[in-house]
Every structure is written in C-alpha cells, then in structure tokens.
Amino acid sequence: MEQRIGAIAREAGQLVLRAKNIADSVAQKGSPRDLVTEYDTKVQELLRRRLAEEFPGYGFFGEEEQQHDILGKEGFFIVDPIDGTTNFVRGLHHSCISVGLYVKGQMESAAVYNPYYDELFTAGRGRGAYLNGKPLRMQEVGLTESLVLFGSAIYYRDTIPATVRMVEELFPITLDFRRGGSAALDLCYVACGGGDVFFETCLQPWDYAAGSLIVTEAGGIVTALDGSELRLTTPCSVAAGNRINHPQLIQTAQRILEEPDMKGRIK
Ligand code: IPD
Ligand code: CA
Ligand code: CA
C-alpha cells in the first residue's frame, strides 16, 4: 500500500520541481511567518484527487483546507502537501510531500518524498521502513554521539523558551545541531542516520504523522516531549530517537518542563 501512496507522492513532487515564480504566489495564512503558495494548494489538490481515485473510502486530513473530510471515517490520509514551505519559497531545496494513512487510532502506512534528491521514504506498520526500497535500521547511539535535528515551533510562540532551554541543555552534551526547516524530513533523516534525534515543542499532525511511522518502523521511538504517547489528530510536541538516546532526551525535557517558567507551555 505504501508503495502506491509513494508513487502518488512522487507525482506530486513533479509539481514542486516544476514550480516557477514561487515568490509571486506567496500569501500569509495567519501570521507573516506562516506562508502558503499556490503550489501548496495545487499539490494538495493533486494528492486529494489521486488518493481518492486509488483508495476510495478513506478520508482526507490536509494542511491546506478549512474542513477536514474525516467525520465517520475509520481511516484517513494525513497530508502535508509541502512540508518546508519557507525553504520552498526561499529556493532552499529542502522540502517534501508527506502522506500518512491513519486507521483506527494508529498509523498504517507512510510515504515522504523529497523531490530534490528523489528520496522516497516509505513505511508500513509491521512491514518496515525503506528509503528508495532499501530497508532502514536506526543506529543505537547515546546523546553524546548524537547529531540533533530540531524545529523551532515558530507558530507556537509561548513554547520558544522551552526550545531555547532544550538547546542550551543539549548543546554541550551532543555532537552538534541542525535546523533543517522540514519536520517530516527531520524524522526521515533520523530514521536513515542523517541525524540521531529530533525534537520540536509543538507540531501539527500533518508535520509528523507519516515521519513518525518511518522512525518507529526503522526501530526508533517517537513520543511527545514529556514521554507521553504521540497524539496523531491534535497538535503535539514530538521527540524521536533510538532506544538509547530517546529516554535521555525525554529525561532532559521532563527536567526542563518542571522548571517554574516552563510549566504548561508544552502540549
Ligand atoms: C513547518 C516545518 C518546520 C517546523 C514548523 C512546521 P510547513 O511546516 O515542518 O520544520 O518547524 O513547525 O510548521 O509550514 O513548512 O508545512
Ligand atoms: Ca508542515
Ligand atoms: Ca505545509
């Protein structure tokens, strides 16, 4: 199933690669930081149409829509048509198409496609995770050997102090940091060894639904930052890593979240 979803994500990726005059089509959604282009909408339309053709009966929960088609549906696609829109607008070639299939409370299939490198990450529950068909198995390293990928949760301003504290605590005890600008790709790169651990203090399900399955099927762990179960249909913080560094990351986060100024800031 995830191969077929991946083939549709690849089709959508062609729209991203062929995009022209991107800057002319930029609009702000809620704030000057929250950008959308005509391509975000076009890619979502293509995904909605093609997924409905191939998999009738499933609902659709996409970033670029007012109303999600999930009522009464046991399963639905959770879709970010372009994750890394700011990178896309700036011409930084680091964005992807992220499609997850959620069925009865858990992720069933996932495909994340980076069109710039023709990298297709796929996963199926109990069927493993793959990069262009090659199985992924995460390395087991502790925080001291970990390259940290993180996001700055720019749309959730009250979580900024927690992000800053996390960076402050982790910086001296890890290898180094990267902030790539696409949470879905961050998760995929944790799964394939481009990074070792990822956190962000608040994300929307379409940012992490597909990527979370790719990490867990590569042998990793994904939870909220306080260690609780990842929520897949409402916004949530995200912590991803392997069996050694994930508990260490959670311990650090839990300590920070106990600090008087941090209480109640992280979802
Ligand atoms: C954003 C990216 C970014 C993360 C933001 C997301 P978008 O998604 O994943 O890395 O830090 O929180 O909203 O807006 O490019 O689809
Ligand atoms: Ca996103
Ligand atoms: Ca997006």
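Ligands are counted one by one from 1 in listed order, and the atoms in each one are counted from 1 as well. Worth saying up front: this structure is predicted, and the values here are computed from it rather than measured.
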N/O of [X] under 3.5 Å from N/O of ligand 1, yes or no?
{"X": "Ala153", "result": "no"}
{"X": "Gly84", "result": "yes"}
{"X": "Ile154", "result": "no"}
{"X": "Arg179", "result": "yes"}

Mind checking whether Phe77 and Phe55 have ring centres under 6.0 Å apart?
yes

Taking the six-membered ring where the residue is Trp, are the ring centres of Phe150 and Phe177 under 6.0 Å apart?
yes

Counting each atom of ligand 1 from 1 as listed, which ones have a heavy atom of [X] under 4.0 Å away?
{"X": "Glu200", "result": "4 (C), 5 (C), 11 (O), 12 (O)"}
{"X": "Asp83", "result": "1 (C), 2 (C), 7 (P), 8 (O), 9 (O), 15 (O), 16 (O)"}
{"X": "Ile82", "result": "16 (O)"}
{"X": "Thr85", "result": "15 (O)"}
{"X": "Gly181", "result": "2 (C), 3 (C), 10 (O)"}

Within 6.0 Å of CD in Glu168, more than 12 heavy atoms from elsewhere
yes

Using a distance-only test with no angle check, is there a side-chain donor-acceptor pair under 3.5 angstrom linking Arg179 and Ser152?
yes

Residues Thr122 and Glu2: side-chain donor-acceptor under 3.5 angstrom
no

Answer with side chain, backbone, both or neither: which part of [X] has a heavy atom less than 4.0 angstrom from an atom of ligand 1?
{"X": "Gln204", "result": "neither"}
{"X": "Asp207", "result": "side chain"}
{"X": "Asn87", "result": "neither"}
{"X": "Asp80", "result": "side chain"}
{"X": "Ala183", "result": "both"}

For Tyr189 and Glu119: C-alpha separation, side-chain torsions, deciding distance, then whether side-chain hydrogen bond (donor to acceptor under 3.5 Å, both in side chains) applies.
CA-CA 11 Å; Tyr189 290 139; Glu119 289 174 329; 2.5 Å; yes

Quick one: does Tyr155 get a heavy atom under 4.0 Å from ligand 1?
yes

Tell me whether ligand 1 is touched by Glu63 - counting only heavy atoms on the residue side and a distance under 4.0 Å.
yes

If you define the side chain from C-beta out and look only at heavy atoms, does anything of [X] sit under 4.5 Å from [Y]?
{"X": "Tyr208", "Y": "Leu187", "value": "yes"}
{"X": "Glu108", "Y": "Arg127", "value": "yes"}
{"X": "Cys96", "Y": "Ser182", "value": "yes"}

Would you say Pro81 has an N, O or S atom lying under 3.0 Å from the Ca ion (ligand 3)?
no

Where the Ca ion (ligand 2) is the corner point, what angle links OD1 of Asp83 with OD1 of Asp207, to 10°?
100°

Among the N/O/S atoms of Asp80, the Ca ion (ligand 3) lies closest to OD1

To the Ca ion (ligand 3), the closest N, O or S atom belonging to Glu63 is OE1

Given Asn245 and Ser146, is the side-chain hydrogen bond (donor to acceptor under 3.5 Å, both in side chains) satisfied, shown in steps?
CA-CA 8 Å; Asn245 65 18; Ser146 289; 3.0 Å; yes

Arg255/Glu258 ion pair, N-O < 4.0 Å
no

Does Lys73 make a cation-pi contact with Phe76 (under 6.0 Å, within 45 degrees of the axis)?
no

